[in-house]
Participant: 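Here's a structure for you.
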Amino acid sequence: MVEPNLLHAPVLDWYADNARDLPWRAPDATPWGVLVSEIMLQQTPVVRVLPVWHEWMARWPTPKALAAEQPGEAVRHWGRLGYPRRALRLHACARAVAEEHGGEVPSDHATLLSLPGIGEYTAAAVASFAYGGRHAVLDTNVRRVFARAVRAEQYPPTATSAAERRLAEALLPELDAPRWGVAVMELGALVCTARAPRCADCPITDLCAWRLAGKPPHAGPARKGQTYAGTDRQCRGRLLAVLRSAHGPVPKAALDAVWDDAVQRERALDGLVADGLAEPLDDGTYRLPHS
DNA sequence: CACGCGTGGCG
DNA sequence: TCGCCAAGCGT
């Protein structure tokens, strides 16, 4: 038996007092509800996910319910969460669960990892939060907290490293690992934030290696910012918004109207079709995907 | 493994 | 104002 880590008690006590009351953390949340929340939360803030999650749970309370729909309906009700390929993958995930797992969200990490849209983080999160499994959940919040508290660095490396995985495993308590994981995530989301960390409110500020070192700024090259205005991504977003709001095939002219640069527009539309987010029909119209 | 992928709010 | 950032994944 390992010695309990010094970080555990203060972080867990802090979480007991400061955890947000989120519906996918409620005792009656289903594994499906947890899975849907995790996919929606990939790169999207909690406040924007909340209303859409509630709508999805009411509309599609089980994987089989979503699996019975056309994929386009998942894209339509994704709304403006962003990265709509996630909606497509979540739909494919629901069909895989329905057809290959009896409609039950798997609890095994490796099985979860094999499903569409589920990567290392999401597999660990579902196995841990929905089923109580002992897995290290390494999201951007956890990585940042560990980078600062343990490694004395402002930000974690760009890609998750083996060293980070080893550290997360070493810190994982034998008992109640899911609560530890969600507590560290919450600490990163509410206190140990990327921009302006609130160290005065941090339960481990006395132990934090980064603070003790004088909060040295990130050494390496500036991290790559994501541009948006004028990009293919913005163009794709415009085009897909037209398809989402229409309840049926739309004429090409309706798509042409929302983006001036024809070359870029055609490239973006081809991309949407290639990704399965848009479907060209024989009469030259386009719609959200059916199958 | 670096890149592409939406969207909106905040400092 | 506008760049940064938000519970990543797939290729």
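So that the names make sense, note that chain A is the first sequence line, chain B the second, and so on, each numbered from 1.
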Participant: At their closest point, which heavy atom of A:L281 faces which heavy atom of A:R287, and how far apart are they?
Facilitator: CD2-NE, 3.7 Å
Participant: Mind running side chain to side chain contact (heavy atoms under 4.5 Å, CB included) on A:V36 and A:W60 for me, showing each step along the way?
Facilitator: CA-CA 10 Å; A:V36 171; A:W60 301 309; over 6 Å; no
Participant: Walk along nucleotides 5-11 of chain B from 5' to 3' and tag each nucleotide B, S or - by protein heavy-atom contact under 4.0 Å, base first, then sugar-phosphate.
Facilitator: BBBBB-S
Participant: Could you tell me how far apart A:L115 (CG) and C:dG10 (C1') are, to the nearest whole angstrom?
Facilitator: 15 Å
Participant: May I have the distance from A:R89 (atom CZ) to C:dG8 (atom P), rounded to whole angstrom?
Facilitator: 14 Å
Participant: Looking only at atom P, what distance separates C:dC4 and B:dC3, rounded to whole Å?
Facilitator: 16 Å
Participant: Under 4.0 Å, counting only non-hydrogen atoms across every strand here, what does A:T140 touch: a base, just sugar-phosphate, or nothing?
Facilitator: sugar-phosphate
Participant: How far, in whole Å, is C:dA7 from B:dG4 if one measures between their P atoms?
Facilitator: 22 Å
Participant: Is A:A194 touching bases, backbone alone, or none of the nucleic acid, heavy atoms closer than 4.0 Å?
Facilitator: sugar-phosphate
Participant: For A:W24, which contact category applies under a 4.0 Å heavy-atom criterion: base, sugar-phosphate, or nothing?
Facilitator: base
Participant: Starting from C1' on C:dC9, measure out to CG on A:L88 and report it in whole angstrom.
Facilitator: 13 Å
Participant: List the steps and the verdict of side chain to side chain contact (heavy atoms under 4.5 Å, CB included) for A:Q234 and A:W259.
Facilitator: CA-CA 10 Å; A:Q234 185 183 32; A:W259 198 265; 3.5 Å; yes
Participant: I need the CE-C1' distance between A:M185 and C:dA7, as an integer number of Å.
Facilitator: 4 Å
Participant: Going by heavy atoms in the side chains, are A:W53 and A:L41 under 4.5 Å from each other?
Facilitator: no
Participant: Roughly how many Å is it from CG in A:L113 to P in C:dG8, rounded to a whole number?
Facilitator: 16 Å
Participant: Looking across every strand, which nucleic acid part, if any, lies under 4.0 Å from A:S37 by heavy atom: base, sugar-phosphate, or nothing?
Facilitator: nothing
Participant: Using atom P in both nucleotides, what's the gap between B:dG6 and C:dT11 to the nearest angstrom?
Facilitator: 15 Å
Participant: Determine which pairs satisfy side-chain hydrogen bond (donor to acceptor under 3.5 Å, both in side chains) with at least one residue from residues 26-44 of chain A, sequence neighbours left out, and list them in order.
Facilitator: A:E38-A:Y121, A:Q42-A:T122, A:T44-A:R86
Participant: Here's a test of your reading of the structure: between A:R20 and A:I118, which maps to the more 5' nucleotide of DNA chain C?
Facilitator: A:R20
Participant: Figure out the CG/P separation between A:L41 and C:dA7, and round it to whole Å.
Facilitator: 9 Å
Participant: For the pair made of CD in A:E38 and P in C:dC9, what is the distance, rounded to whole Å?
Facilitator: 9 Å
Participant: Do you know the tightest heavy-atom contact between A:V97 and A:L115?
Facilitator: CG2-CD1, 4.1 Å
Participant: So, are A:E169 and A:R166 salt-bridged, with charged N and O less than 4.0 Å apart?
Facilitator: no
Participant: Parallel, tilted or perpendicular: which fits the ring planes of A:H109 and A:H135, with parallel below 30° and perpendicular above 60°?
Facilitator: parallel
Participant: Over how many whole Å does the gap from A:Y121 atom OH to C:dA6 atom C1' extend?
Facilitator: 12 Å
Participant: Where is the tightest heavy-atom contact between A:G181 and A:V137, given as atom of each residue plus distance?
Facilitator: CA-CG2, 3.7 Å
Participant: Starting at the 5' end of DNA chain B, write a dot or bracket for each base, bracketing those in Watson-Crick or G-U wobble pairs whose two distances are under 3.5 Å and using | for partners on another strand.
Facilitator: .||||.|||||
